[in-house]
Amino acid sequence: MSPEPGPLSEYAVLIAEEPHFKPSEIARALAALRHVPFQDLVGPMRRCWGLVEEGCSKAEAEAAAAALASAGLASLAVPAALLEDLPAARPVSEMSLDAGGFLYGEAPAARGRAVWPRVRLLAAAVYAEAKAPAPATAAFTDPGKKLARTAFSLMTGIPTSLGLGGKQAERKQEETEQVSLLDIVLEGPPERLRVDARRFDFSCLKTRMVYDVLGNFRQLIRELAGQSAVASRNRGVRVLLEGKPIREMGYDGAKDLERESRWLLTLQALRPGR
């Protein structure tokens, strides 16, 4: 009998070098391996964020890694148990920065302090998110018109609204808002601090504050990246630091950010000397 699948028998496939995360090329290599249409894999590979597959067998993982390597994409087949997990996100609405590290938290008694060497990863994402719909407005019917409608129905026996029904609520296009998230992953002990630019006090930037939220978000990342030079940086952080268009990030939501962070932390753990 073959052993039951479980964490020790499951494998994962990772892109081994950050520049090799090329969704179209990954999809092309795996489509050729599996004899499926290339288009079927483009979307899933765009959202894999470096973790190409999870929960597959060792043979499947090794075959996929070999196909990716043949396409010039460095990859690894590893036991799924080696994938890094993320600590739960702790929302942070204000900070105090200094040369040695930073304070975070709201109430003085609940504040934590992190020295710069504790920063393991800076991971940012900017994306559009649908706003919660406003409560529906109840339909309104004029009392006089309602009485006329009832009288007409009684006389004729024909139910009718006579165009007197309640006013229909106007349909509105779905509204979106820009979300800017920054996860600061710390070690010793592991923590994940989450900055949501919509709910963050940027006064810690002092004279470096600007007049828009995204500009302050970018400046905060510059400050943190400058002090924690050894920390890994995700695609979103690099886009912001290099002044590239936000559309080049490619995130659809927080889950994309978290999946990419797991990938980058796993690469760190597998290659601690880098």
Side-chain angles (χ1 to χ4, degrees), residues 18 49 86-135 170 172-186 191-261 264:
E18 292 175 53
W49 290 102
L86 284 174
R90 173 180 174 177
V92 172
S93 62
E94 61 182 53
M95 286 184 183
S96 176
L97 310 175
D98 60 49
F102 60 95
L103 291 169
Y104 55 91
E106 292 72 44
R111 282 181 183 163
R113 176 171 174 80
V115 293
W116 296 117
R118 281 190 64 199
V119 182
R120 186 178 176 191
L121 172 68
L122 295 174
V126 180
Y127 56 91
E129 182 177 80
K131 285 186 177 180
E170 293 182 4
K172 294 184 178 180
Q173 290 185 340
E174 184 181 68
E175 295 184 356
T176 62
E177 63 178 337
Q178 182 172 277
V179 179
S180 303
L181 298 182
L182 170 65
D183 280 354
I184 306 168
V185 181
L186 307 174
E191 290 183 80
R192 178 163 56 114
L193 311 179
R194 169 159 290 179
V195 172
D196 183 333
R198 297 168 297 179
R199 305 177 183 89
F200 188 77
D201 178 1
F202 288 100
S203 61
C204 60
L205 297 175
K206 299 180 180 177
T207 59
R208 295 177 295 281
M209 281 186 69
V210 295
Y211 295 101
D212 65 284
V213 173
L214 184 59
N216 283 321
F217 185 69
R218 191 193 306 267
Q219 185 60 38
L220 177 66
I221 288 173
R222 285 198 187 104
E223 297 287 329
L224 295 170
Q227 295 285 0
S228 51
V230 298
S232 293
R233 304 170 185 181
N234 79 330
R235 179 197 290 261
V237 166
R238 293 196 301 271
V239 165
L240 290 167
L241 292 178
E242 295 166 13
K244 294 180 178 178
I246 296 300
R247 64 177 179 274
E248 292 191 13
M249 289 190 185
Y251 302 98
D252 292 330
K255 288 185 178 180
D256 287 350
L257 175 65
E258 291 167 356
R259 187 173 181 89
E260 182 193 26
S261 295
L264 296 176

(request) Kindly write out the residues that satisfy side chain to side chain contact (heavy atoms under 4.5 Å, CB included) with P87, not counting sequence neighbours, or none if the list is empty. (result) P190, R192
(request) Mind checking side chain to side chain contact (heavy atoms under 4.5 Å, CB included) for R218 and listing every partner two or more places apart, or none if nothing turns up? (result)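 For R218 the side chain to side chain contact (heavy atoms under 4.5 Å, CB included) partners, ignoring immediate neighbours, are L214, R222, L240.
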In Å and rounded to the nearest 0.5 Å, what is the [atom1] to [atom2] distance from [X] to [Y]?
X	Y	atom1	atom2	answer
S228	R118	OG	CZ	12.5 Å
K131	T176	NZ	OG1	8.0 Å
I221	L122	CD1	CG	7.5 Å
S96	K206	OG	NZ	6.5 Å
I184	R90	CD1	CZ	11.5 Å
R238	M249	CZ	CE	10.5 Å

(message) Could you walk me through whether S180 and V213 satisfy the side-chain contact (heavy atoms from CB on, under 4.5 Å) test, starting with their C-alpha distance in whole Å, then the side-chain angles of each, then the deciding distance to 0.1 Å, before giving a yes or no?
(response) CA-CA 9 Å; S180 303; V213 173; 5.5 Å; no
With sequence neighbours excluded, tell me which residues meet side chain to side chain donor-acceptor pair (under 3.5 Å) with [X].
X	result
E223	R208, Q219
D98	R113
K255	none
R233	none

For the residue pair [X] and [Y], what are the closest heavy atoms and their distance?
X	Y	answer
D256	D252	OD2-N, 2.8 Å
N216	V210	OD1-N, 2.8 Å
G215	D212	N-OD2, 2.6 Å
L86	S261	CD2-CB, 4.0 Å
A124	L182	CB-CD1, 4.1 Å
N234	L121	N-CD1, 4.4 Å

(message) Between L220 and C204, does the side-chain contact (heavy atoms from CB on, under 4.5 Å) criterion hold? Intermediate values first, please.
(response) CA-CA 9 Å; L220 177 66; C204 60; 4.2 Å; yes
(request) For residues 217-256, pull every pair meeting ring-ring contact (aromatic ring centres under 6.0 Å, His included), keeping only residues two or more places apart or in separate chains. (result)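 Sorted pair list: W49-Y251.
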(request) Any chance you could lay out the side-chain contact (heavy atoms from CB on, under 4.5 Å) test for Q227 and L97, step after step, and finish with the verdict? (result) CA-CA 10 Å; Q227 295 285 0; L97 310 175; over 6 Å; no
(request) For E248, check salt bridge (charged side-chain N to carboxylate O under 4.0 Å, His left out) against everything at least two apart and list the hits. (result) none
(message) I'd like to check the salt bridge (charged side-chain N to carboxylate O under 4.0 Å, His left out) partners of D196; sequence neighbours left out, ordered by chain and number.
(response)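 Salt bridge (charged side-chain N to carboxylate O under 4.0 Å, His left out) list for D196, sorted by chain: R198, R199.
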(request) Only counting residues at least two apart or in another chain, list the ones meeting ring pair (Phe, Tyr, Trp, His ring centres under 6.0 Å) with F102. (result)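 F102 satisfies ring pair (Phe, Tyr, Trp, His ring centres under 6.0 Å) with Y104, W116 only.
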(message) I'd like to check the ring pair (Phe, Tyr, Trp, His ring centres under 6.0 Å) partners of F202; sequence neighbours left out, ordered by chain and number.
(response) F200
(request) Return yes if some donor-acceptor pair links the side-chain N/O of E260 with the main-chain N/O of R235 below 3.5 Å, else return no. (result) yes
(message) I'd like to check V119 versus L186 (side-chain heavy atoms, cut-off strictly below 4.5 Å). Are they in contact?
(response)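 Yes, their side chains come closer than 4.5 Å.
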(request) Verify side-chain contact (heavy atoms from CB on, under 4.5 Å) between D183 and L257, making sure each step is shown before the conclusion. (result) CA-CA 9 Å; D183 280 354; L257 175 65; 3.9 Å; yes
